[in-house]
Amino acid sequence: MENTILVTRSSMPKLDEYVNEISSMWDSHWLTNMGPKHKELQAELCEYLGVENIDLLTNGHMALELTLQAMNLQGEVITTPFTFASTTHAIVRNGLTPVFCDIDPETYCMDASRIEKLITDQTCAVMPVHVYGNVCNIEEIERIAHKYELKIIYDAAHAFGETYKGRGIGSFGDASCFSFHATKVFNSIEGGAVCFKDKQLGAKLYELKNFGIHGPEEVSAVGANAKMNEFCAAMGLCNLRHVEEEIENRCKVVKHYCSRLSDADGIRLTAVNTEVKSNYAYFPVVFEEKLFGASRAEVFDRLARNGIGARKYFYPLTNTFKCFHKKYDVTKTPIALHISQRVLTLPLYGDLALEDVDRICDIILSCKY
Ligand code: T4K
């Protein structure tokens, strides 16, 4: 359809810039396995993200999955069901049991005040998500983890480049896992990273992403293949040069959405946290049907009929997935259920025209009564 607008659109450098970045590979023939582009991107990201240690991987999912494996955990991991499949799958694929904590109705992140009640003698870690780039209640999570000696692994897939109280978001917890997927604020086509505190954990992770190979004649763990290749690292190097501009442009789009939608009854937007330097990753809108006069489904359908691809991130909740065979009790996470049934994430990317934002808002507001 003409004028189709999807929920996001990958940011890309100029073709010449990318060609220039990859041209040295035609001399070196070095395409993957921690080559020069990988090393360069790693160093630049450490600086940009304000973290001491980072390792690059094929994607955000392997970052989560291998971090859990590297920690050699057993038992239960307290997490949120209001997230992408990846978070829960990383836990389950490690033979761990997810224990679902309900979310905060304002930030949609795990409600830290509910964590302690979920702790048992089996609990080994918490895996909160900075969902949509909204930052979790870091202080409370740290207090609880310290008290009960739990590991903290943040799913920071949506939080690239953010700071909390002036500190890089990746510097919190035992580890923070980023996604550099094509749909993210910063992309390396596919890609991911783990920022970590303990260098021993980093060494383990480094082996696990390369089949568990410890040396030319020693394989010390059952690892995977999760190395970022040089083409992806080169895309990352290019996009990193433009990420500030991307975030500034997204900020303008978000401000325009807010100016159009914040006064409408029955529409709930995310509150601003003044301690957070935001990356404007997503623009979630919650529709309360009784006040707004139309359901999420009606808004979604009308947008779709007009070529606008809003998305129901994150519906369904991961604790209701068919693959889990009704194993988890969704009534224990009622706020997450409420939000997931009412939320729409609207199109957002740096070069989305403000006229298009107006068109999207006009369609949404035309659904009202
Ligand atoms: N944790 C959390 C909280 C996550 O949200 C994610 C990923 C992860 C962990 C795991 O990270 P990765 O392993 O993916 O690095 C998308 C993304 O594939 C996924 O990365 C993301 N979260 C999730 C929230 O969204 P889909 O299935 O909705 O993607 P898709 O193909 O429908 O694309 C959405 C829109 O993006 C398209 O309508 C158009 C645009 N697009 C898409 C692609 C693939 C582009 O402009 N260019 C592209 O190349 O999952």
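For the single chain, residues carry numbers from 1 onward in sequence order. Atoms within each ligand, like the ligands themselves, are counted from 1 in listed order.
From the protein, the heavy atom lying nearest to atom 40 (C) of ligand 1 is T8 O, 3.2 Å. What sits closest to atom 43 (C) of ligand 1 on the protein, heavy atoms only, is T183 CG2, 4.2 Å. For atom 5 (O) of ligand 1, the nearest non-hydrogen atom of the protein is H158 NE2, 2.7 Å. V7 CG1, 3.7 Å is the protein heavy atom nearest to atom 35 (C) of ligand 1. Among protein heavy atoms, atom 1 (N) of ligand 1 sits closest to D155 OD2, 2.7 Å. The closest protein non-hydrogen atom to atom 18 (O) of ligand 1 is H181 CE1, 3.1 Å.
Protein heavy atoms are absent from the 4.0 Å sphere centred on atom 31 (O) of ligand 1.
Near G60, the atoms of ligand 1 lying under 4.0 angstrom from a non-hydrogen atom of the residue are 11 (O), 12 (P), 13 (O), 15 (O). Which parts of ligand 1 touch R9 is read off a 4.0 Å heavy-atom cut-off, strictly below it: atoms 46 (O). Atoms of ligand 1 lying under 4.0 Å from at least one heavy atom of G191, given by number and element, are 15 (O). Residue-ligand proximity, S179 to ligand 1, at heavy-atom distances under 4.0 Å covers atoms 11 (O), 12 (P), 15 (O). Interface atoms of ligand 1 facing A182, defined by a heavy-atom separation under 4.0 Å, are 48 (C), 49 (O). Of all atoms in ligand 1, numbered sequentially from 1 with element shown, those under 4.0 Å from a heavy atom of S86 are 8 (C), 9 (C), 10 (C).
One option in H61, K312, K184 has a heavy atom closer to atom 7 (C) of ligand 1 than any other, and that option is K184. Looking at L6, N59, T58, it is L6 that brings a heavy atom closest to atom 38 (O) of ligand 1. For the residues Y313, F84, F180, the heavy atom positioned nearest atom 29 (O) of ligand 1 is part of Y313. In this structure, of A85, A63, A157, the residue bringing a heavy atom nearest to atom 2 (C) of ligand 1 is A157. Looking at M127, H89, R311, it is R311 that brings a heavy atom closest to atom 34 (C) of ligand 1.
Not a single heavy atom of A90 sits closer than 4.0 Å to an atom of ligand 1. The shortest heavy-atom distance from E190 to ligand 1 is not under 4.0 Å. At a 4.0 Å cut-off, at least one heavy atom of Y282 sits close enough to ligand 1 to count as contact.
Considering only heavy atoms from C-beta on, I54 stays 4.5 Å or farther from Y48 through its side chain. At least one side-chain heavy atom of L57 sits under 4.5 Å from a side-chain heavy atom of V194. At a threshold of 4.5 Å between non-hydrogen side-chain atoms, the residues V126 and I115 count as touching. Looking at R260 and D362, their side chains come closer than 4.5 Å, going by heavy atoms from C-beta outward. Contact of the R241 side chain with the E17 side chain is registered, since non-hydrogen atoms from C-beta on lie closer than 4.5 Å.
Not a single donor-acceptor pair under 3.5 Å links the side chain of N210 to the backbone N or O of I213. A donor-acceptor pair under 3.5 Å links the side-chain atoms of N94 to the main chain of E65, judged by distance alone. Side chain of N279 to main chain of G161: no donor-acceptor pair is present (N/O by atom type, distance under 3.5 Å, no hydrogens or angles). Between the side chain of T8 and the backbone N or O of Y349, no donor-acceptor pair lies under 3.5 Å.
Ring geometry for Y257 versus F283: interplanar angle under 30°, hence parallel rather than tilted (30 to 60°). The aromatic rings of Y328 and F324 sit perpendicular, their planes meeting at an angle over 60°, well past the 30° parallel limit. Relative orientation of the F180 and F186 rings is perpendicular, given thresholds of 30° and 60° on the angle between their planes. Note: F314 and H158 have parallel aromatic rings, judged against thresholds of 30 and 60 degrees for the angle between ring planes.
By the criterion of a heavy-atom distance under 4.0 Å, neither the backbone nor the side chain of M62 is placed next to ligand 1. Only the side chain of T83 comes within 4.0 Å of ligand 1, judged by heavy-atom distances. Contact annotation for S10 and ligand 1: heavy atoms of both the backbone and the side chain come within less than 4.0 Å of the ligand.
Nearest heavy atoms, V135 versus H130: CA-ND1, 3.6 Å.
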